[in-house]
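Letters A, B, ... are given to chains in the order of the sequence lines, protein chains preceding strands, and every chain is numbered from 1.
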Number of protein chains: 2
Amino acid sequence: MENRLRELRERDSLTQEDLAARVGVSRQTIISLERGRYNPSLLLAYKLARVFGLRIEDVFIFEDGKGDE
Amino acid sequence: MENRLRELRERDSLTQEDLAARVGVSRQTIISLERGRYNPSLLLAYKLARVFGLRIEDVFIFEDGKGDE
DNA sequence: CCCTGATGTAAAACTAACTTGACATGACGA
DNA sequence: TCGTCATGTCAAGTTAGTTTTACATCAGGG
């Protein structure tokens, strides 16, 4: 699953640490997410989207697999 | 975090087992989600929303905590 | 009355999300 | 050159999502 975190974070001139603090996770978590290493929890995805004033689907990009991804 | 899973599932006359199969998880997972026992992964939330033809934010309801939820 | 299907619980086990800490690198300014 | 800030890696540990199995209840149909 891809996402626009890095792009959005840089757009807002936020550091990884800033962003982590805003959504209440560690910096490692942000790094791993930006690198697409895993699939966040829904709540975290939601908080991130809100930081950027977007909807979840506008931040996280789901390969449009019809079937089983 | 609340959600409309039960309502939507019944609207579409799906059984918990049907829904579980459609999104590729176990029936227990659906039960726990309907009862609000936890916070799904983003991917699961996305698949569920798609089954019902909705957006994630239309299925899962985030108490609108400004701050730290 | 019994059988079956749908829903629910409980507990143990596994996996994936997330944390913590230690360390490496490149860019930049003093 | 030295310090520092932002980014990154790695590895080990904790927590929470998810699975599996086994069992209980209730409703409806034969």
Side-chain angles (χ1 to χ4, degrees):
Chain A
M1 199 186 25
E2 292 173 34
N3 63 71
R4 297 173 52 211
L5 286 180
R6 174 155 225 153
E7 166 199 350
L8 293 165
R9 181 173 62 78
E10 290 179 342
R11 183 195 70 183
D12 291 1
S13 315
L14 289 175
T15 183
Q16 291 174 338
E17 211 160 359
D18 290 339
L19 182 53
R22 289 223 202 171
V23 298
V25 297
S26 72
R27 188 170 65 94
Q28 283 312 313
T29 297
I30 300 298
I31 292 176
S32 295
L33 285 176
E34 285 190 357
R35 314 224 118 205
R37 293 232 178 82
Y38 59 81
N39 190 19
S41 70
L42 176 55
L43 199 51
L44 177 50
Y46 176 70
K47 289 181 182 174
L48 286 164
R50 289 237 318 203
V51 165
F52 300 116
L54 295 172
R55 272 193 282 246
I56 292 175
E57 279 99 341
D58 295 325
V59 175
F60 296 89
I61 295 138
F62 306 89
E63 287 83 31
D64 231 323
K66 271 81 206 293
D68 221 55
E69 149 105 20
Chain B
M1 199 185 25
E2 291 173 35
N3 65 70
R4 297 173 52 212
L5 286 179
R6 174 155 224 153
E7 166 199 349
L8 292 165
R9 180 173 61 79
E10 290 179 342
R11 183 196 70 182
D12 291 359
S13 314
L14 290 173
T15 181
Q16 291 175 336
E17 211 158 0
D18 291 338
L19 183 54
R22 290 223 200 170
V23 297
V25 296
S26 72
R27 188 171 64 93
Q28 284 312 313
T29 296
I30 300 297
I31 292 176
S32 295
L33 286 176
E34 285 191 356
R35 312 224 118 205
R37 293 232 177 82
Y38 60 81
N39 190 19
S41 71
L42 176 55
L43 199 50
L44 177 50
Y46 176 71
K47 289 180 180 173
L48 286 165
R50 289 235 318 202
V51 165
F52 300 115
L54 295 172
R55 273 193 282 244
I56 293 175
E57 278 99 340
D58 294 326
V59 176
F60 295 90
I61 295 139
F62 307 89
E63 289 83 29
D64 229 324
K66 270 82 206 292
D68 221 54
E69 151 108 19

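The separation between B:Leu42 atom CG and D:dT18 atom C1' is 16 Å, rounded to whole Å. The separation between A:Glu17 atom CD and D:dG8 atom P is 13 Å, rounded to whole Å. Per the geometry, NZ belonging to B:Lys47 stands 17 Å off P belonging to D:dG17, to the nearest Å. For the pair A:Arg27 CZ and D:dT9 P, the computed distance is 11 Å after rounding to whole Å. The nearest whole Å value for the distance from the CD1 atom in A:Ile31 to the P atom in D:dC10 is 12 Å. One atom, CD of B:Gln16, and another, C1' of D:dC26, lie 14 Å apart when rounded to the nearest Å. Taking atom CG on A:Leu33 and atom P on D:dT7, their separation rounds to 14 Å, with Å as the unit. Rounded to whole Å, the distance from CD on A:Gln28 to P on D:dG13 is 17 Å.
Considering only side-chain N and O atoms, A:Thr15 lies nowhere under 4.0 angstrom from the phosphate OP1 or OP2 of D:dC5. At least one side-chain nitrogen or oxygen of A:Arg37 sits closer than 4.0 Å to the OP1 or OP2 atom of D:dT9. A close approach under 4.0 Å does occur between a side-chain nitrogen or oxygen of B:Ser26 and OP1 or OP2 of D:dT19.
Nucleotides of DNA chain C with any atom under 4.0 Å from a heavy atom of chain A span, from 5' to 3', C:dA17 to C:dG21.
A:Ser32 and A:Thr29 share no donor-acceptor pair across their side chains, judged by distance under 3.5 Å alone.
The existence of a salt bridge linking B:Arg6 and B:Glu10 is confirmed by a sub-4.0 Å separation between a basic side-chain nitrogen and an acidic carboxylate oxygen.
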